Amino acid sequence: QTLQKMEQAEHPPSRQLIKTPSLEQEKKALEEEGATLLSNPQCQGSLSVIVLGASGDLAMKKTFPALYSLFVAGLLPRWTTFVGYARTPMSDEDFRHKVTKDWKNTVPEKLAKFKARLIYVQGAYDSVDDMRRLAAKLCAVEVSPCNPPGNRIFYAALPPQVFLPALQSVHDGALSTTGWNRVIVEKPFGHDLESSRELSASIARIFQEEHVYRIDHYLGKEMVLNLFILRFANILLQPLWSRQYIKCVLLTFKEPIGTEGRAGYFDQFGIIRDVIQNHVMQMLSLFAMERPVSRNAEDIRNEKVKVLRCIQPATMEDTVVGQFVGNPAKGKQGYLEEPGVPHDSICPTFCSSVLRIRNDRWDGVPFIVKAGKGLDVRKTEIRVQFSDVPASLFAEEAEGPIPRNELVVRIQPDEAIYMKILGKQPGLTSRIQQTELDLTFSSRYRFVKLPEAYERLLSDVIRGDHAGFVRADELEEAWRIFTPLLQELEQKRVRPIPYVFGSRGPEEADELARRNGFVRAEGYHWPAASPTAPTR
């Protein structure tokens, strides 16, 4: 009934020329997507997805829900088995209950079939004998009427200290001898440039690069994937995508929360290692890369590496670091007051740094990367601010400085692509005002459920598509950019600037952006009719 009401709702006249996909069209598209996926030769045969560290938070909150969603949508090979592997003693039935007990809005019939394919193996991560026992159990379930190859995915949802011993044991005792084997690796990918190189070299001694999938879930987000289409499928944007028209680029990652029980982990890494070096740099490389030769994964990753190599290392002179303090009015404690944080910790919970790309396209354009916890809103976006119009004809009609055009790609939440432009204010006046060309996904694609990042990336692993995963040399370049800054911060014990929980962050970060050409437009709200909406 709800869907019928939505389909019968009247559309504004301005929207009638472009029809929103109906529920039936989306179902048909999903079926076609499933047929295309399962016709891929990589998907033939039985498939076992083995989650190492299956009793941990990552597996419970992300990995298994993503596998269930793919299963329900019919996007997995017919003969698929899900295996949890961990040190905790547990029966199959207890494990099934632990995995699914908090799931909401499941389909009972589908859930029962999923649970029937879900098994558990208890064992040590560094034990080859336990891995051989796992392999024996896999061989018993990897059967089908035609007895095709048994393909295996090993998802290493493990802490860093057991990561390499587990991969070595998998290699020595649990690999399939009849099908392909693939390994998914979760961050952290090292602590700095040297440790990252050592980790990559250790992995290379166990598995070939083509079998390794370093997962950064931001590469599976809908709007990050849209960057590639936006860049190379729209001729009107291509001539604008350079230093001739772009004044600066701001990449922002903001969270209105603290460490949420991860203080012990976070204090060892900080916001630069935890967010900027991986998530933000992946967005930057996709935004700034040159056109690849093809859509082949290696061609795309080659261009990402090329642009990363053009980025100079971050410096203290172009960086502001901060640490949130308590906000009693909102009942929020400071970072140093969180359980597990040393009282004298200098770990930054906020960082804003200006990066410079030395190539023909971007020379002179500041890329301001900013990330922080304990801020005012939850938001991840890329904001492109274009240059001022020279000798503007409308200076007299503008109330204050003429706002710049901006192209904003909102990654999360409220996924959208919109461009802030200037237009005439309606009526007899000749004043200009800021407005927008808007593609907000929730209104344009009302019946579309955007897949979770882990769903998309797991699907890519099954198909053998590396485009959404981080290659070893790509990882090395990202660490090269930030390791000198990290070393200086830690060796000199630079004290982060305090900022109040729930604020925009240190005022020094806004000043850093202003010095590098960014102009923050005041008074523009979204939607324009709502006086209480946050500034966009």
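Atoms considered below: every heavy atom in the structure, side chains included; atoms not considered: hydrogens, waters and symmetry mates. Nothing here was measured: the structure is a model prediction, and the numbers come from that model. This chain uses plain numbering: 1 for the first residue, then up along the sequence.
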*Asks:* Could you pull out all residues at least two apart from Asn302 that satisfy side chain to side chain contact (heavy atoms under 4.5 Å, CB included)?
*Replies:*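 Checked Asn302 against side chain to side chain contact (heavy atoms under 4.5 Å, CB included); matches are Asp299, Arg471.
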
*Asks:* Can you tell me which residue pairs pass the side chain to side chain donor-acceptor pair (under 3.5 Å) test with a partner in residues 225-235, sequence neighbours excluded?
*Replies:*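 For residues 225-235, and leaving out neighbouring residues, there are no side chain to side chain donor-acceptor pair (under 3.5 Å) pairs at all.
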
*Asks:* With a 6.0 Å cut-off (strictly less than), is the heavy-atom count around NZ of Lys424, excluding the residue itself, greater than 12?
*Replies:*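 Check passes, neighbour count above 12.
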
*Asks:* Given Val320, which of Glu508, Lys370, Glu507 fulfils the side chain to side chain contact (heavy atoms under 4.5 Å, CB included) condition?
*Replies:*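 In the set Glu508, Lys370, Glu507, the residue that makes a side chain to side chain contact (heavy atoms under 4.5 Å, CB included) with Val320 is Glu508.
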
*Asks:* Between Tyr218 and Gln412, is there a side-chain donor-acceptor contact under 3.5 Å, judged purely by atom types and distance?
*Replies:*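 Yes, Tyr218 and Gln412 have a side-chain donor paired with an acceptor closer than 3.5 Å.
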
*Asks:* Side-chain atoms of residues 245-256: list all donor-acceptor pairs with protein atoms under 3.5 Å, sequence neighbours left out, distances to 0.1 Å.
*Replies:*
from	atom 1	to	atom 2	distance (Å)
Lys254	NZ	Asp376	OD1	2.9
Glu255	OE1	Lys373	NZ	2.5

*Asks:* Under the side chain to side chain donor-acceptor pair (under 3.5 Å) rule, collect the residues that match up with His279, sequence neighbours excluded.
*Replies:*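 So His279 forms a side chain to side chain donor-acceptor pair (under 3.5 Å) with Asp216.
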
*Asks:* Can you list every salt bridge (Lys or Arg N to Asp or Glu O under 4.0 Å) pair that touches residues 280-295, not counting sequence neighbours?
*Replies:*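 Qualifying pairs, neighbours excluded: Glu290-Arg361.
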
*Asks:* Tell me the closest heavy-atom pair linking Gly322 and Pro506, and the distance in Å.
*Replies:*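 In this case the closest contact between Gly322 and Pro506 is CA-CG, 4.1 Å.
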
*Asks:* Any salt bridge (Lys or Arg N to Asp or Glu O under 4.0 Å) involving residues 274-287? Give me the pairs, sequence neighbours left out, ordered by first then second residue.
*Replies:*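 Salt bridge (Lys or Arg N to Asp or Glu O under 4.0 Å) check on residues 274-287 returns Lys187-Asp274, Arg262-Asp274.
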
*Asks:* Answer yes or no: is there a side-chain heavy-atom contact under 4.5 Å between Asp460 and Tyr213?
*Replies:*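 Side-chain contact under 4.5 Å: no.
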
*Asks:* Tell me every residue that passes side chain to side chain contact (heavy atoms under 4.5 Å, CB included) with Glu210, counting only those two or more places apart in sequence or in another chain.
*Replies:*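 With neighbours one apart ignored, the set is Gln208.
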
*Asks:* Is the shortest distance from a Lys or Arg side-chain nitrogen in Lys306 or Glu303 to a carboxylate oxygen in the other one below 4.0 Å?
*Replies:*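 Judged by the 4.0 Å cut-off on N to carboxylate O distance, Lys306 and Glu303 do form a salt bridge.
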
*Asks:* List the residues meeting side chain to side chain contact (heavy atoms under 4.5 Å, CB included) with Glu452, not counting sequence neighbours, and say none if there are none.
*Replies:*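 Only Glu455 meet the side chain to side chain contact (heavy atoms under 4.5 Å, CB included) criterion with Glu452.
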
*Asks:* For Phe189, what residues pass the ring pair (Phe, Tyr, Trp, His ring centres under 6.0 Å) criterion, not counting sequence neighbours?
*Replies:*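 Residues passing ring pair (Phe, Tyr, Trp, His ring centres under 6.0 Å) with Phe189: none at all.
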
*Asks:* Does Lys221 come within less than 4.0 Å of Glu415, counting only side-chain N to carboxylate O?
*Replies:*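 No salt bridge links Lys221 with Glu415.
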
*Asks:* How would you list, by chain and number, every residue that makes a ring pair (Phe, Tyr, Trp, His ring centres under 6.0 Å) with Phe501, sequence neighbours excluded?
*Replies:*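 Partners of Phe501 by the ring pair (Phe, Tyr, Trp, His ring centres under 6.0 Å) criterion, ordered by chain and then number, come out as Phe324.
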
*Asks:* Enumerate the residue pairs fulfilling salt bridge (Lys or Arg N to Asp or Glu O under 4.0 Å) with a member in residues 493-506, sequence neighbours excluded, ordered by first and then second residue.
*Replies:*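 Listed by first then second residue: Arg504-Asp510.
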
*Asks:* Mind checking side chain to side chain contact (heavy atoms under 4.5 Å, CB included) for Pro313 and listing every partner two or more places apart, or none if nothing turns up?
*Replies:*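 Partners of Pro313 by the side chain to side chain contact (heavy atoms under 4.5 Å, CB included) criterion, ordered by chain and then number, come out as Arg480, Pro484.
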
*Asks:* Stepwise, does the salt bridge (Lys or Arg N to Asp or Glu O under 4.0 Å) test hold for Glu511 with Arg514?
*Replies:* CA-CA 5 Å; Glu511 178 57 32; Arg514 281 193 293 270; 3.0 Å; yes

*Asks:* CD/Glu477 to OG/Ser285 distance, rounded to the nearest 0.5 angstrom?
*Replies:*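 So the gap between those two atoms works out to 11.5 Å.
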
*Asks:* Please tell me if the side chains of Asp388 and Ile402 come closer than 4.5 Å, counting only heavy atoms from C-beta onward.
*Replies:*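 Contact flag for Asp388/Ile402 side chains = no.
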
